[in-house]
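A, B, ... follow the sequence lines: proteins, then strands. Residue 1 opens every chain.
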Amino acid sequence: MKLIYFSWIRERIGTGEEEVSLPENVDTIASLFEWLKSRGEEFEAALEYPDVVRVALDQEHVDDRQTSLTGVKEIALFPPMTGG
Amino acid sequence: MKLIYFSWIRERIGTGEEEVSLPENVDTIASLFEWLKSRGEEFEAALEYPDVVRVALDQEHVDDRQTSLTGVKEIALFPPMTGG
Amino acid sequence: MTKAIPDIRIQAEDFDISAEISQLSEGRGDIGAVVTFSGLCRDESGTLAALELEHYPGMAEAEIKHFAEQAIERWDLCGLIAIHRYGKIKPGENIVLVIAASSHRQAAFDGANFLMDFLKTHAPFWKKEHLNDGSAGEWVAAKDADEDALSKWDNRES
Amino acid sequence: MTKAIPDIRIQAEDFDISAEISQLSEGRGDIGAVVTFSGLCRDESGTLAALELEHYPGMAEAEIKHFAEQAIERWDLCGLIAIHRYGKIKPGENIVLVIAASSHRQAAFDGANFLMDFLKTHAPFWKKEHLNDGSAGEWVAAKDADEDALSKWDNRES
């Protein structure tokens, strides 16, 4: 499973992407957030305000935090977009 | 007094502009229209549908047909504009 | 802040949009958005050979300037250019260009859109068609839809 | 009629608006209106040295394409180009370009405006400021106004 981070979330975590093996009980976005926060204070800082963190599963925006991660290959976390 | 005609009004009248001396009783746009129509069938054809004819006095649009012509130097008659 | 002065040109020649944008924005740090509108001559499904554009010199510039100044005032534009061509124009060629520059994007969109709506209905230009089959073309009729388009600028806070 | 295919590019390089318009309209007789939007880097009253734009490769193209296809469908556009730059961009330089071509002017305005609103809020780009005084810049915060701007495309007949 590939995790990708952008903008200040990337800066707080200290890396742009990583390969991880998720524990079996980490099967939704909500549980992913909990698991990430348990991995250290850089992750806690990045997810300090989880409501502002946007999520894309295999490059598609997903709002519902109960969405299943089954079959997903790439998860991206990033703040609200500021393009244009 | 200079009269200027554009588009199909110019074509029907057969000239783009002319210098005229208005009779004393021709002192509004409405009376100008009546006087022009008396000048021949080319003018009658040009003013056949007077409601669609637009008028500019000294290069300013004027809607009210009772507007006075006193002091006006240039009167233009033309159909609805189709620029852009 | 000094109000921007609209740059209005009535000309036979074509225009270069990139060059006009550069002229407007070069060396300025306050412009965040530039909207351009260019109107082109359509071929009307291949029937049209050219449009011939007649205008009222003097009044054409004055009318466009009048509405351009309204647009600058209403949307606090940084700059506004309007170029309208006259003479014979072939399908695919440019007829008109409006460029609005602003700090913010909606102001640039609205300023350009507003000026185009007024230009269509208030600027003294008339178009005559020249047809490909050689027959005498008609003067293009004014459209009610163009007149109706003006209403979107009534009583609206920008 | 075949639907137009949007031309989406994410690139470091600048773009030339006239060249892009030519590419879109050359040899076509059905295009009557071309609207371009270019977004430029402002200097924020002289405090900004540059913006640094980060993006999500792959998803950026896909997201813009998704909304570009919606715009083409909704306004029956003849053509649509979107170019978004990434990397370091200095004040006065271009960031983004949208070009919408249509037979009619309001469709071109609306198509370009719609795509810009969605690009601002849905395309995965993030801007970081680099300041002139050398201090570490902030990541630009998303604006509620940009989110609100989307509502004008709801439940509206075009």
Participant: Show the numbers, then the answer: is there a side-chain contact (heavy atoms from CB on, under 4.5 Å) between B:M81 and C:E63?
Facilitator: CA-CA 12 Å; B:M81 293 142 283; C:E63 275 295 298; over 6 Å; no
Participant: Quick one: of B:A56, B:G84, B:P80, who has the most non-hydrogen atom pairs under 4.5 Å with chain C?
Facilitator: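 Ranked by contacts with chain C, first place is B:G84.
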Participant: Is C:E138 in contact with chain B via its backbone, its side chain, both, or neither, using a 4.5 Å heavy-atom distance?
Facilitator: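 Neither part; nothing is under 4.5 Å.
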Participant: Examine whether an atom of C:A60 lies under 4.5 Å from a heavy atom of chain B, and if so say whether it belongs to the side chain, the backbone or both; otherwise answer neither.
Facilitator: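 Contact with chain B: none, neither part.
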Participant: For C:L131, does the CG atom sit with more than 12 other heavy atoms under 6.0 Å from it, leaving out its own atoms?
Facilitator: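 Enclosed.
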Participant: Which value, rounded to the nearest 0.5 Å, describes the distance between B:F78 atom CZ and C:E54 atom CD?
Facilitator: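 If I round to the nearest 0.5 Å, the distance is 11.0 Å.
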Participant: What part of C:I95 lies closer than 4.5 angstrom to a heavy atom of chain B: side chain, backbone, both or neither?
Facilitator: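 For C:I95, the contact with chain B is made by the side chain alone.
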Participant: With respect to chain B, which residue among C:Y56, C:F37, C:F125 yields the maximal number of heavy-atom pairs within a distance under 4.5 Å?
Facilitator: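 Among C:Y56, C:F37, C:F125, the one with the most close pairs to chain B is C:Y56.
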Participant: Is chain B contacted by the side chain of C:A123, its backbone, both, or neither, given a heavy-atom distance below 4.5 Å?
Facilitator: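 The answer is the backbone of C:A123.
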Participant: Tell me whether B:D63 at atom CG has more than 12 heavy atoms from other residues, nucleotides or ligands lying less than 6.0 Å away.
Facilitator: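 It does not: B:D63 CG has 12 such atoms or fewer within range.
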Participant: So, does C:K128 use its side chain to make a donor-acceptor pair with the main chain of B:W8 at under 3.5 Å?
Facilitator: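 Checking the backbone N and O of B:W8 against the side chain of C:K128, no donor-acceptor pair under 3.5 Å is found.
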Participant: Can you tell me if CD on C:Q11 sees more than 12 non-hydrogen neighbours from other groups inside 6.0 Å?
Facilitator: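 Counting other residues, nucleotides and ligands, CD of C:Q11 exceeds 12 neighbours.
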Participant: Crowded around B:E41 CD? As in, over 12 foreign heavy atoms under 6.0 Å?
Facilitator: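 No, the 6.0 Å shell around CD holds no more than 12 heavy atoms from other groups.
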Participant: Please classify the contact of C:H66 with chain B as side chain, backbone, both or neither, using a heavy-atom distance under 4.5 Å.
Facilitator: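 C:H66 has no heavy atom closer than 4.5 Å to chain B.
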Participant: Taking atom NZ of B:K37 as the centre, report whether more than 12 heavy atoms of other residues, nucleotides or ligands fall under 6.0 Å from it.
Facilitator: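 It does: B:K37 NZ has more than 12 such atoms within range.
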Participant: Taking side chain as everything from C-beta outward and backbone as N, CA, C, O, which of these in B:E17 sits under 4.5 Å from a heavy atom of chain C? Side chain, backbone, both or neither.
Facilitator: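 Neither part, no heavy atoms under 4.5 Å.
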Participant: What are the two closest non-hydrogen atoms of B:T82 and C:V140, and how far apart are they?
Facilitator: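 The answer is CG2-O, 3.3 Å.
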